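Notes for the one structure printed next.
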Amino acid sequence: MGFGHVGRRLVSLLDEMADALPFTADVIAIGTRRHGLAIDARGLDTARALQQVIRGDRLSDLHAGPPPDEATGTGLIAAVAQRCAADAARGHVVCIESTVLDITRGEPACTHIATALAHGLHAVTVNKGPAAFAAQTLAAQARQARRWFLHEGAVMDGIPVFNLVRDTLPGVRVDGFRGVINTTTNFVLSALAGGQSFDHAVAEMQARGIAEADPSLDIDGWDAAAKTAVLVNVLMQGRLSPHEVARTGIGHLTADAVRKVEASGDRLRLVASAARTPDGIRASVAPQALPAHDPLAGVDDTDNALYLSLDPLGELGIVQRGGTLTHTAYAVISDLACIARSPIPEEHS
Ligand SMILES: NC(=O)c1ccc[n+]([C@@H]2O[C@H](COP(=O)([O-])OP(=O)(O)OC[C@H]3O[C@@H](n4cnc5c(N)ncnc54)[C@H](OP(=O)(O)O)[C@@H]3O)[C@@H](O)[C@H]2O)c1
């Protein structure tokens with residue numbers, strides 16, 4: 001579901017990495033909002049699908065067999081499940097959700113994931129919506145269905161965060177975190193400090209396919225708030241919606257204000273953080289002037305960094321230098337490898 005920047009980079013990366021991957025993958029269905037949908041249980045011609053979508057054409061001529069009962073995302077997922085159920089040798093069928101972030105309720109992504117799990121498919125997403133708005137519900141549904149619900153690409157693209165904690169830190173408790181986790185705002189702040197204009201920096205992030213479809217979601221801090229909610233809900237077992245994260249964006253900051261902070265020796269960064277308090281988990285996203293010795297101060301341009309507070313291990317830092325679409329597409333590949341490795345998730349997941 002979704003065949004935009006991330007979905008399209010994913011199909012090309014699967015081809016480029018085919019010889020190095022521990023699994024083989026066929027793309028058997030693609031659904032988008034404006035280009036319609038196509039299913040071919042023998043495998044779609046993804047090169048043709050890429051060309052058609054880039055040209056602005058519909059995908060319907062790639063479709064094989066009867067059309068799904070309804071031409072919606074849930075109709076597509078149900079139709080794929082039905083066709084694959086007849087083919088027991090098919091392997092694992094995964095719904096990859098890469099539609100745009102909806103900051104009001106996380107829809108239709110949450111429904112896409114729930115429908116996939118209900119029909120016996122695994123679900124992987126790069127969209128923050130599902131784990132920001134329905135992490136516990138979807139995880140419980142996945143556990144009951146004995147299927148995976150994975151979302152490595154929702155935070156810090158392809159750099160392991162959720163896989164790292166789940167697979168390598170058994171018994172460790174995440175007590176909080178601090179991070180720079182929105183690439184567009186970090187790029188804008190770095191550009192302003194270097195004398196470039198706000199609008200130019202946002203346009204550059206759009207040109208690279210990194211800014212959200214609606215870049216105000218980045219600038220106003222919503223993307224970082226959604227990621228913060230995902231981290232709280234998944235790593236700290238919290239129940240925060242992005243609307244419960246105290247949020248200040250960077251839209252009000254002028255180049256002069258940023259350069260004034262830099263001239264004092266500090267660096268301005270949009271910092272996302274969360275901590276356990278006696279009143280529950282508190283989380284925020286806000287620009288902060290950081291002293292040069294703060295590890296987040298050196299996170300420039302398209303870099304991201306996340307520092308987790310772990311009991312009993314103390315602080316663990318994860319840094320991504322130069323995030324690109326390839327990193328996000330790779331997050332899906334790492335989730336697919338996880339499913340191929342252990343198709344029935346263990347209880348802890
Ligand atoms: N780009 C990045 O660097 C990045 C990094 C990490 C995470 N993400 C997340 O990944 C997701 C996709 O990002 P993107 O850059 O690929 O976005 P995009 O280029 O805007 O593509 C979004 C895709 O979703 C489809 N879509 C939107 N609403 C839909 C609906 N209601 N039903 C079916 N399909 C729908 C669009 O279809 P049409 O084109 O036909 O409208 C398009 O194919 C977002 O949630 C984003 O937050 C992106």
Side-chain angles (χ1 to χ4, degrees), residues 1-13 27 29-38 46 49-50 52-60 68 70-77 80 95-113 115-116 123-133 150-159 161-162 181-187 202 204-218 222-227 229-230 242 302-304 320 322-335:
M1 286 310 308
F3 197 49
H5 293 100
V6 176
R8 297 199 295 264
R9 183 65 189 112
L10 172 63
V11 297
S12 59
L13 193 61
V27 178
I30 300 175
T32 90
R33 185 172 38 190
R34 292 168 299 171
H35 303 277
L37 51 85
T46 51
L50 278 173
Q52 292 192 191
V53 168
I54 289 166
R55 268 202 313 264
D57 294 346
R58 291 184 69 75
L59 291 166
S60 27
E70 35 161 345
T72 61
T74 50
L76 173 73
I77 294 164
V80 168
C95 169
I96 299 169
E97 221 288 344
S98 67
T99 65
V100 290
L101 171 64
D102 159 45
I103 202 60
T104 49
R105 293 186 305 129
E107 290 293 358
C110 293
T111 303
H112 290 158
I113 303 284
T115 307
V124 168
T125 188
V126 289
N127 189 328
K128 286 136 284 232
F133 286 95
L150 296 171
H151 43 71
E152 190 57 58
V155 180
M156 284 184 76
D157 309 326
I159 301 305
V161 174
F162 304 106
I181 53 178
N182 177 268
T183 305
T184 296
T185 48
N186 204 46
F187 188 81
V202 173
E204 174 66 24
M205 285 293 90
Q206 286 176 306
R208 293 195 209 172
I210 289 179
E212 284 297 312
D214 170 2
S216 71
L217 290 180
D218 293 304
W222 279 117
D223 175 83
K227 286 171 174 161
V230 174
T302 53
D303 297 350
N304 277 197
Q320 169 171 276
T324 64
L325 270 178
T326 300
H327 289 77
T328 310
Y330 182 75
V332 176
I333 289 181
S334 74
D335 283 344

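Whatever order the structure lists them in is the order used to number ligands and atoms, beginning at 1. Keep in mind it's a predicted model, so treat the numbers as computed, not measured.
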**Item:** T115-H112 side chain donor-acceptor pair, cut-off 3.5 Å
**Value:** no

**Message:** Looking at D218 and E212, would you say the former's side chain and the latter's main chain have a donor-acceptor pair under 3.5 Å?
**Reply:** yes

**Asked** Is any side-chain heavy atom of R208 less than 4.5 Å from a side-chain heavy atom of L325?
**Response** no

**Heavy-atom side-chain proximity of R9 to T328 below 4.5 angstrom** = no

**Asked** Looking at N304, T302, D223, which hits side-chain hydrogen bond (donor to acceptor under 3.5 Å, both in side chains) with T183?
**Response** N304

**Asked** Just by distance, with hydrogens left out, do S216 and D214 show a side-chain donor and acceptor under 3.5 Å apart?
**Response** yes

**Request:** Could you please provide the protein residues found below 4.0 Å of ligand 1 on a heavy-atom basis, arranged by chain and number?
**Result:** M1, G2, F3, G4, H5, V6, T32, R33, R34, H35, S98, T99, V100, L101, P108, V126, N127, K128, G153, D157, G209, I210, E212, A213, L325, T328

